[in-house]
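Input: a single structure, listed below in C-alpha cells.
These figures come from a predicted structure and were not determined experimentally. Throughout, a chain's letter reflects where its sequence line sits, starting with A, and its residues are numbered from 1.
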There are 2 protein chains.
Amino acid sequence: MTSVLVVDDEPQIVRALRINLSARGYDVMTAYDGKSALGVAVEGKPDVVVLDLGLPDIDGVDVIAGLRGWSTIPIIVLSARTDSSAKVEALDAGADDYVTKPFGMDELLARLRAAVRRDLARETGDPVVTTSSFVVDLAVKKVRRDGREVHLTPTEWGLVEILARNPGRLVSQKQLLQEVWGPMHVNESQYLRVYFAQLRRKLEDDPARPKHLITEPGMGYRFEL
Amino acid sequence: MTSVLVVDDEPQIVRALRINLSARGYDVMTAYDGKSALGVAVEGKPDVVVLDLGLPDIDGVDVIAGLRGWSTIPIIVLSARTDSSAKVEALDAGADDYVTKPFGMDELLARLRAAVRRDLARETGDPVVTTSSFVVDLAVKKVRRDGREVHLTPTEWGLVEILARNPGRLVSQKQLLQEVWGPMHVNESQYLRVYFAQLRRKLEDDPARPKHLITEPGMGYRFEL
DNA sequence: GGCGGCTTTTACGCGTTCTTGAGGCCGGGG
DNA sequence: CCCCGGCCTCAAGAACGCGTAAAAGCCGCC
C-alpha cells in the first residue's frame, strides 16, 4: 500500500486530499505545520509527500531541506505563489514537482502517480506502464492497483504483457491467442472472453464499463492508458 | 556532461532552449518532429528529454509511449494545453513533468535540474543484500542470519545469488535451471521445488509461509526484500 | 570399504488454474 | 420481426504445478 503524507495548514485542503486519496486506496498521514511534518515523516516513512509552502511555523524551503537531509522521498509542493522565483527556489531545494493553487484534483493525482512511478522505477530501473487505475511493471512482472499488489496467473500476465507492450494499439485476437496459447489455438476466441472478463474484474474500476482493456468487436483488444 | 534532447517544431523555442542550455553547460540535441525525436533518442541516449506535445507527425502521447517502451529517461513535457485532462494523459503515459507554454526559462531549468538530480540518485548495485530475516553478501558468497553464518551448498548458493542480484524481480524457472544446472535441464522444475524447500528451511523464519523466497506459480521465483 | 555431504529421483496430497459447455445479452441484416 | 454472430458471465470437472518427505545415487575422503 502506498502511503502519502499531506502537509497543509488549511484544514479543508487536507480534508479534500484525504478523501480523494483514501478513496483511491492510498494510506494517508497528515500534518498541519512544518515541525510535526518532519516528525511524522521520520515516524511514518511515507512513500511521497504533498507539501504546502505557506506553513505557519517553518519556511517551506527549510522543510524540504529537512526532509532531503536524510531521505529521497518524492516531494510535491503546493503553493499559491505563481512567480517563477518561488518555483525555482523550491525545486532547487530538492522538491520534485511544483503545483500552484488552486489546483485540479485530477492533475495533482496524476502528478502523484508520476512521482510514485518514478520512485518505483528508480528502485527497479525498469520501464513501467501506468494507467489511471493501475500500474504494470514489465520487468518485475507485477501489477499494482492503488498501491496494492494484484496477483495475476501466468495466462493473465501473458495477455497483460502483450497489451502493455503495445499501448493504445489494436492487438488482433489471433496474435493474442498465438502468443499466449500457441499456434494450435488461434481460433479459441472464447478463451479471450473468459480471461478478459477476469482481468477486468481484477483491474478495472467498473468491470462492466472497462476504460483500459477495450474490446474491438470482431477485431481484437486494445490497451488504453 | 549532461545531455538534453529538445523536441519542438517551433524553431524559435528550440533556439531559445539551445542557447540557454548550452550556456549552462548542457550538451544539446534537437529534433523537430516525433519520428526523428525517437531516432535521435535511440542514437544519442540523452539524459533528459524536453518534449513539445504539438508535433506535426506523431501525437505527443505516442512519442512518450515510444520512449517508455525501452527507457526510463526523464521526460519533461511542454504544451500550450492547460486543461487538466491533457496533463493527466501525458503524465500517465509516462511523462515526468508538465510545463505549460508560455513558460519561464528559470522554471523550466529548475524543473530540468530536479529531473536530472532525481535520475542521478539511482545508484549502482550494493554488493550486500539485506532482508528482515537474513543478509546475503554477494562479494564473499556468504549468508548470515541473526549474526550466525548459514552454510549453503553450491547449488543452493547458485540459486540465492541469481535471486539476490535481481531483488524484487521475477526470475523464470527456465533462467534459474539454465544458469544453475545448465541448458540440458531447463525442464527439471522439480529440482527447484526441492531446493527452494531447503532454502526456506534454512533462511525463512516460517518456512511454510515464506516472506522472501516467493513462488510465482507457473512462472518462476521472486526474491522479496 | 565405509562414511558424510550433496544431488537426483520418486511418490503423494492438495490447492489453484485452465478448459469447456451452457445460457443470456446485444446489434445488424435478412 | 426473427435470426445469427459475436460477446459476456457463470460454474464445474480436469489438469497442472506446488510443497513435502524420504529413498536412492554419487562423489571425495579417511
Side-chain angles (χ1 to χ4, degrees), chain A residues 141 143 149-161 163 170-174 176-222, chain B residues 141 143 149-163 170-224:
Chain A
K141 288 197 160 66
V143 179
E149 190 177 325
V150 179
H151 181 79
L152 297 188
T153 70
T155 310
E156 287 165 358
W157 174 259
L159 291 171
V160 168
E161 184 166 21
L163 291 171
L170 173 66
V171 183
S172 71
Q173 301 197 0
K174 202 146 99 179
L176 289 168
L177 288 163
Q178 166 126 347
E179 296 202 27
V180 176
W181 280 273
M184 312 299 295
H185 301 79
V186 289
N187 293 314
E188 307 275 5
S189 54
Q190 171 66 3
Y191 289 3
L192 294 176
R193 293 183 201 110
V194 173
Y195 275 92
F196 270 88
Q198 265 165 230
L199 283 171
R200 285 173 184 143
R201 269 200 299 279
K202 290 186 177 182
L203 300 178
E204 293 277 3
D205 291 330
D206 181 356
R209 295 169 214 284
K211 290 195 342 221
H212 307 104
L213 301 169
I214 310 298
T215 303
E216 298 286 0
M219 318 239 26
Y221 294 82
R222 180 195 306 282
Chain B
K141 293 192 191 284
V143 179
E149 186 180 333
V150 180
H151 177 73
L152 296 188
T153 71
T155 310
E156 288 165 357
W157 174 259
L159 290 171
V160 169
E161 181 167 20
I162 296 172
L163 290 172
L170 174 65
V171 183
S172 72
Q173 303 195 0
K174 207 143 94 175
Q175 188 185 338
L176 290 168
L177 288 163
Q178 167 126 343
E179 297 203 24
V180 175
W181 280 273
M184 312 299 295
H185 302 79
V186 288
N187 292 313
E188 306 277 3
S189 56
Q190 174 65 7
Y191 290 3
L192 294 176
R193 289 184 209 109
V194 173
Y195 274 92
F196 271 89
Q198 272 167 221
L199 283 170
R200 285 175 184 139
R201 270 199 297 278
K202 291 186 178 182
L203 300 178
E204 293 276 3
D205 291 331
D206 181 357
R209 293 171 208 287
K211 295 213 312 241
H212 307 104
L213 301 170
I214 308 297
T215 303
E216 296 286 359
M219 304 206 277
Y221 295 83
R222 183 195 303 283
F223 183 77
E224 287 284 17

Report task. May I ask you to check whether over 12 heavy atoms, not counting those of A/K202, lie within 6.0 Å of atom NZ? Result ->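 Correct, the count exceeds 12.
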**Report entry** Of B/L152 and B/P217, the one whose closest DNA chain C nucleotide lies more 5'
**Finding:**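 Nearer the 5' end of the strand: B/L152.
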Which nucleotide wins on minimum distance to the side chain of [X], given the candidates [options]?
{"X": "B/Y221", "options": "D/dG19, D/dC8, C/dT17", "result": "D/dG19"}
{"X": "A/Q190", "options": "C/dG21, C/dC6, D/dG17", "result": "C/dG21"}
{"X": "A/Q173", "options": "D/dC7, C/dT17, D/dT20", "result": "D/dC7"}
{"X": "A/R200", "options": "C/dT9, D/dC8, D/dG17", "result": "D/dC8"}
{"X": "A/R193", "options": "C/dT7, D/dT20, D/dC7", "result": "D/dC7"}
{"X": "A/E188", "options": "D/dG17, C/dT17, C/dT20", "result": "C/dT20"}

Using a 4.0 Å heavy-atom cut-off, does [X] contact any base of the nucleic acid, only the sugar-phosphate backbone, or nothing at all?
{"X": "B/Y195", "value": "base"}
{"X": "B/H185", "value": "nothing"}
{"X": "B/R209", "value": "nothing"}
{"X": "B/E156", "value": "nothing"}
{"X": "A/T215", "value": "sugar-phosphate"}

**Report entry** Nearest-nucleotide 5' precedence on DNA chain D, B/G220 against A/R201
**Finding:**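 It is A/R201, whose closest nucleotide lies nearer the 5' terminus.
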Query raised in the report: Does the side chain of B/R193 reach to within under 4.5 Å of the side chain of B/Q190, using non-hydrogen atoms?
Result: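 Side chain of B/R193 against side chain of B/Q190, heavy atoms only: contact under 4.5 Å found.
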Query raised in the report: Is there a donor-acceptor pair closer than 3.5 Å between any side-chain N or O of A/R222 and the backbone N or O of A/E216?
Result: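 Checked: no pair found.
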Query - Interatomic spacing from OG1 in A/T153 to CE in B/M219 - rounded to 0.5 Å - result: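 A/T153 OG1 to B/M219 CE: 7.5 Å, rounded to 0.5 Å.
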